Structure formats: C-alpha cells, structure tokens
Amino acid sequence: MSDVFQPNLDFKAANEATEDGEALIIDVDGYEGPLHVLLALARSQKVDLMQLSITRLAEQYLAFVHRARSLRFSLAADYLVMAAWLAYLKSRLLLPRPDKGRGDEPPAEEVAANLAFRLAKLDAMRKASEALNQRPRLQRDVFTRGDPEQVKVVGSGRLEGDLYQLMSAYIGQRRREHYRTYRPEAPVAYALEDARGRLRELLPELDRWTALQGIAPMPDEDFGPSRASYLASTLSASLELVKEGALEARQREAFADLYLKVRLARPEAA
Amino acid sequence: MNDQHHIERCIEALLFAAAEPLSINDLARRLPEGADVVEAIQALRQRFDGRGVELVEVAGRWRIQTAADLAFLMTEEREEPRRLSKAAQETLAIIAYHQPVTRAEIEAVRGVQASKGTLDVLLELGLVRMRGRRRTPGRPVTYGTTDMFLETFGLANLADLPGMTDMKALGLLDMNLPPGFSVPDPSLASDASDTEDELDLEGGDSPEFVQDFVGDE
Amino acid sequence: MNDQHHIERCIEALLFAAAEPLSINDLARRLPEGADVVEAIQALRQRFDGRGVELVEVAGRWRIQTAADLAFLMTEEREEPRRLSKAAQETLAIIAYHQPVTRAEIEAVRGVQASKGTLDVLLELGLVRMRGRRRTPGRPVTYGTTDMFLETFGLANLADLPGMTDMKALGLLDMNLPPGFSVPDPSLASDASDTEDELDLEGGDSPEFVQDFVGDE
C-alpha cells in the first residue's frame, strides 16, 4: 500500500523520532493525539502498515511514553490510556492461543488488525491531505481572469444549498430578534373628557333605550382610536353620567348589551 | 460559418469573458444549435497546451486559468489564502474521501475529538457543507465537500481525488475493517521476549487500571 | 529558458490574470531581465489573430479581450442568482424552521418588513410555496418549503433539517443564549391541517366559507 501515490512525502519528524527519543517528545505538540504518535512510530517499522507488528508497535509506544515521563513532559491522559491499552493488548497477543476468552472480548488478533487498519487509514488520509495541498491551488498557483469582461457571463444558476449558511442565517436573526428593543406604538385612546362631552350633547336624543354600541362613535379605518377604545370610554362616561343622575343604564344579564336612556328629572330633585 | 473553428473561437471568447466556470450546457446554450461543444473543448484544450493559460475542468465545468508553472509570476495577484491547520487539512481530506461522513466517523479516523473550530472553519470557507442526515439511530448530520472545494483544488470531480482508486481498492475508505484485511501475526514479533520488562513501564501500575480501561472499552 | 516562447507565455498569463491593462513597463518589471517585451507582444498579437480573443492596446497599455465580432455572444444574461442574497437566505431560513408561517410572522422575526421581492424570489426559484391559510382572523396565507428546497439542500425530508443540537455542536449557539431559546422542529408541522386550511387555488375563497368556518369554531 505504501507509496501508491505521493511517494516522496516528508516524514522527517517521524524518522527522527525513532532515532532519537527527544525529537519525538518535542514533536508531541505537533501530533494531535496518540493515534498520530502511533502512526509516526509505525512508519519507522518500514513495513506495509497492514503487515505491522502490533507487539513491536506497542513496545515502541510504551518506550515513547516512558521517555516522555522521564523528561517530565506532561502527557495528556489519553496518551496514558492508550499506553495501558497497548500493554494489555500486547500481553494478550503474546499469550498462547487458547486465550481464556474473557467473556465477549474479541480475539486479540482482531483487535490488533483493527488498530493496523486504523493506522493505515489515517496514514492514507495524511498522504491524501498532503497530495491535495500539492495540487495547483486557485488564487495561489493558478489564476482565473483578473478582469472578466464588462458584460458578465454568468454560469447557469445551479443553486447549491448550504445548510450551514441556512443555519447561521437563522440563528443570526433569532439573536437579533431577541435583543431587539420592543417599542410598541402607543394606541390612540378616546379621551374620557371627549366621551363625556359627546354623551352630554347626545342626552336629548337618548329618550329611548339605546344600545351602547349604537352610541359610541365608529372608528376611522386608518387612524384614530379603535372601536374598543371608543366603546370603553363611552361606557366610562356613561357610568359617570349615571352617577350624576343624568342617565339610566340597564343590562339584562352579564355580557349582554348595555342600554342607556336619559333620566327624566326627578320631582324631588327640583 | 458554423464550422468547428468558429465554435472554438466562440467558446474561447466565452470562457475568457466568464466570471466563473461554465458547463457544457452553459456554452451550448449560447452557441448555434447542433454545435459540438465537447469536441471543440478538446480541440481548444490541445491548442492551449504549452501556452501561458490552460483550459481545465473543475467541478464538471470549464475554466481558463494561468498555467501552474507560472505561479511564480503572479505575486501581485496572489491572495494569501487562509492557512488551514494540519488538523483542518486532515479533516478536509477525510471528508473528501469518505463523504457523506459524520462527525463521529471523522473523529474515529483521527483518533481525536474534533476541536470545535476545525469543522467550522471548513464550513465557513465553503469547502465543506452539511449534506443531510444518516439513516441510523441518532440521525447524525453528514458532511461532504462543495463545488468550491473542487474549484479550489482544480478537480474535475470527486473521482479525481489523488490516490482515490488505490485507496478504494485497498478497502481503506471503508469505515470498518474490510473482510480481506490481513491480521498481523503476533508470532512475527520475534524479539518480544527480551523486551518483556518494558511492560512494567507504568511502574507496575495497578492491574485495576488496566482492568478498568478494558471495562470501559 | 528565457527564450521568446517563454516570455510570450508569461505575458499571456500576466495579461490574463491582471485586473487592468498593463503597460510595457509593468510587464518588463515582472519578467526576467532583458526580456524583449515589445517583440513578444507583437508575436502574441499575431498568434491571437483569428482566435476568440485578441490583444489590444488601450491608452498605451495592453489587455486581452474577446474578439470584437463575437460581442453578440456576450449578451448579458440575468439568470437566477447562484447564491441567494442575504435577505433571501434569511427569509428562507425562517420559513424552513417555522413553517407553516405567515408573512407577518416572518417579519416579526426578521425585524424588517419582508420586502415583497424577497418572498417572490424564493417562490420563483421554487424553494418556497404557499401552503394554505391560517385559521385566524384575516386568514393570512402561510408559507412553507418545497421538495425542491429539500433537493437543493440534500435533505430527504424536513426532519433532516439540522436542529438545535446540531447548531450547538457547531458552535453556532453558545452560552449567551437567550433564556428559553428554542428552535422549532419543522417536521412536526407537517400536518398542520388542524391550524390551517388548504389553499384553494380555484379562488373559491367565498366569504360564506369563512362565515361557516367561524360558525363552526
């Protein structure tokens, strides 16, 4: 498998690492995790990764961890977990075949093969990533027309949906929505004094029971107080007039229409 | 004068003038009925051979670009592209070769939890997009590459990814151990016995630790 | 290889990639010392003769442009945009997550009057459709996404739209999340039939019907 593409990749760091323990330890920062270290070590065996000796790899890795610790280089926990796991795997691989099969544990050879596969895969991806990087890159190595003609020729509209952009667009707005200050327009109310004045003027006409709805002014469509406001203010004004004794009010039952009628002057009030 | 030469001239002019790559259909739509665009493209391509600009296919469409070996001239045009970290590059490769792929699968290949920024950067740069959801429990989101990825790296299509065929043949693009994968023979570890001691490296650490870990696994 | 052919290639590439016409001096500055730019330009000019593009001198500088007789090809074409405008993208996002949604509701989230144009663009692109009428006073039309939307975004169905968990995983939602913030699950809205009426395309929106309906309620 090795070298099927990009034969001349630079694995200097990995090579140095195996010659000289310190080089590797210093490079740990550059590695992302135990699997990357394992890959660097595995490459030093100079065999097809699929034929890798996992026992040997385990030894190499344990030696690496050992050196790192002796230099008081603090290793992240997952490096140590990997060390423990490899030590255990190695011991299982070295045991005589009739492994006292621990419950549902897969055979050690299968586990080892799996590790080799993961390393081969990661290796392939590393090489792929470098191979991609070596391709002529747009606006780095190759360039398109610097000044497309005044008349733009645009490719056909093949809309490529971008869910990430969709999500970002959504979240951006929801955020804005939340932090937007809410400034409701104050509703225009029908002033009580106006209602009172109007009702007083209407008194002479209210000589029969008349529904409140019929008395309150009708709203203008576009501006001015709403119907509800006209009704409410007229009702309030009418109650005041009732209190004053100028008006009578009547309602058959709760929520039924309210009727108003002018109160005839009482003899005793005279 | 609808001859091949005329068609070639037209395509050349259109591709020069275009602000982005054009598909065969884009071209055909602007050319006289019945024009053999594919043949003209091939002829043009040869004509450009060895010139300062060349005709290439990217993301299934065609564009004219400067020859790669003249990159050194283009100091003024060069945009310093946002440098991708090693982690981001590796992630991009994994997505390109395995798409559609879930975040968990990416992490499994790399053996590390994807740091938050890695995928974001690729998504933001428009090199990677969310493709949909896997029909498995949890219905994880899957990722794939965009046309812009192909355009950036000058690839006609995904099959053109370097080494793709070899990797496929070797089963390296499967997510699980392919059936033919050889199991390493532990007996080949000839020098196992003389390093036995190194097992102790954890300082004879409690067997419980090993035990625990195995338990977790 | 500083021969004339190489110089020609370089000039070709430089003129192609340049954002504006280049003078002989501009070119000479970027070419190897002693290159005969003038001669190369003349040679290139001849080489372009009869091709789809030509080398012309404008105000003492040089540029490559499409041949004058092919101007008819360069008619401007207003295609639907390949990328949605920001406003369209935002409106589409709200419709996708909140469908079925009325125009007033879209405006409430966006905080701007949804320009009629934005919705029209989305309708025209076939990404959005009118779904029905909300059973509320005024019976406003509700909007939702189409199958084309799903195709464009590579989704099998609306349930595949990334949800809040996915947004969190990508770092789109961070800790200073407004309290009570939630992202609706549009897949639950698929049978909104109990809150809205199907849009009657026959224009049978007879007022009697509304009357009847209100009576039933």
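Note that the coordinates shown come from a computational prediction; the quantities given were computed from them, not determined experimentally. A, B, ... follow the sequence lines: proteins, then strands. Residue 1 opens every chain.
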*Asks:* Name the region of B/Arg51, side chain, backbone, both or neither, that has any atom closer than 4.5 Å to a heavy atom of chain C.
*Replies:* both

*Asks:* Are C/Arg61 and C/Glu57 close enough for a salt bridge, meaning some N to O gap below 4.0 Å?
*Replies:*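 A salt bridge is absent here (no side-chain N lies under 4.0 Å from a carboxylate O).
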
*Asks:* Is the closest basic N to carboxylate O distance between C/Arg110 and C/Glu105 below 4.0 Å?
*Replies:* no

*Asks:* Assess whether a salt bridge exists between C/Asp160 and B/Arg135, defined as any Lys/Arg side-chain N lying under 4.0 Å from an Asp/Glu carboxylate O.
*Replies:*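 Salt bridge flag = yes for B/Arg135 with C/Asp160.
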
*Asks:* Counting heavy-atom pairs under 4.5 Å with chain B, which one of C/Pro162, C/Gly52, C/Ala19 comes out on top?
*Replies:* C/Gly52

*Asks:* Please classify the contact of B/Leu44 with chain C as side chain, backbone, both or neither, using a heavy-atom distance under 4.5 Å.
*Replies:*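 The side chain, not the backbone.
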
*Asks:* For B/Leu123, which atoms come within 4.5 Å of any heavy atom of chain C: side chain, backbone, both, or neither?
*Replies:* side chain

*Asks:* Starting at CD of C/Gln42, measure out to CG of C/Asp36 and round the result to the nearest 0.5 Å.
*Replies:* 10.0 Å

*Asks:* May I ask you to decide if the ring planes of B/Phe72 and C/His6 are parallel, tilted or perpendicular, using 30° and 60° as cut-offs?
*Replies:*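 The arrangement is parallel - the two ring planes meet at less than 30°.
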
*Asks:* Name the member of B/Leu15, B/Ile11, B/Asp69 that forms the most heavy-atom pairs with chain C at distances under 4.5 Å.
*Replies:*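 Of B/Leu15, B/Ile11, B/Asp69, B/Asp69 has the most heavy-atom pairs under 4.5 Å with chain C.
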
*Asks:* Taking every heavy-atom pair that is under 4.5 Å apart, which of C/Arg30, C/Arg47, C/Glu54, C/Glu8 has the most such pairs with chain B?
*Replies:* C/Arg30

*Asks:* I'd like to know which of C/Leu70, C/Leu155, C/Leu161 tops the heavy-atom pair count under 4.5 Å against chain B.
*Replies:* C/Leu70

*Asks:* So which heavy atom on B/Leu22 is nearest to which on B/Leu14, and how close?
*Replies:*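 Scanning both residues, the minimum pair turns out to be CD1-O, 4.0 Å.
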
*Asks:* Specify which of B/Gly144, B/Ala67, B/Gly50 makes the most heavy-atom pairs with chain C at under 4.5 Å.
*Replies:* B/Gly50

*Asks:* I'd like to know which of B/Arg131, B/Met130, B/Glu76 tops the heavy-atom pair count under 4.5 Å against chain C.
*Replies:*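 Of the options given, most contacts go to B/Glu76.
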
*Asks:* Quick one: closest heavy-atom pair of C/Glu12 and B/Val53, and the distance?
*Replies:* OE2-CG2, 4.0 Å

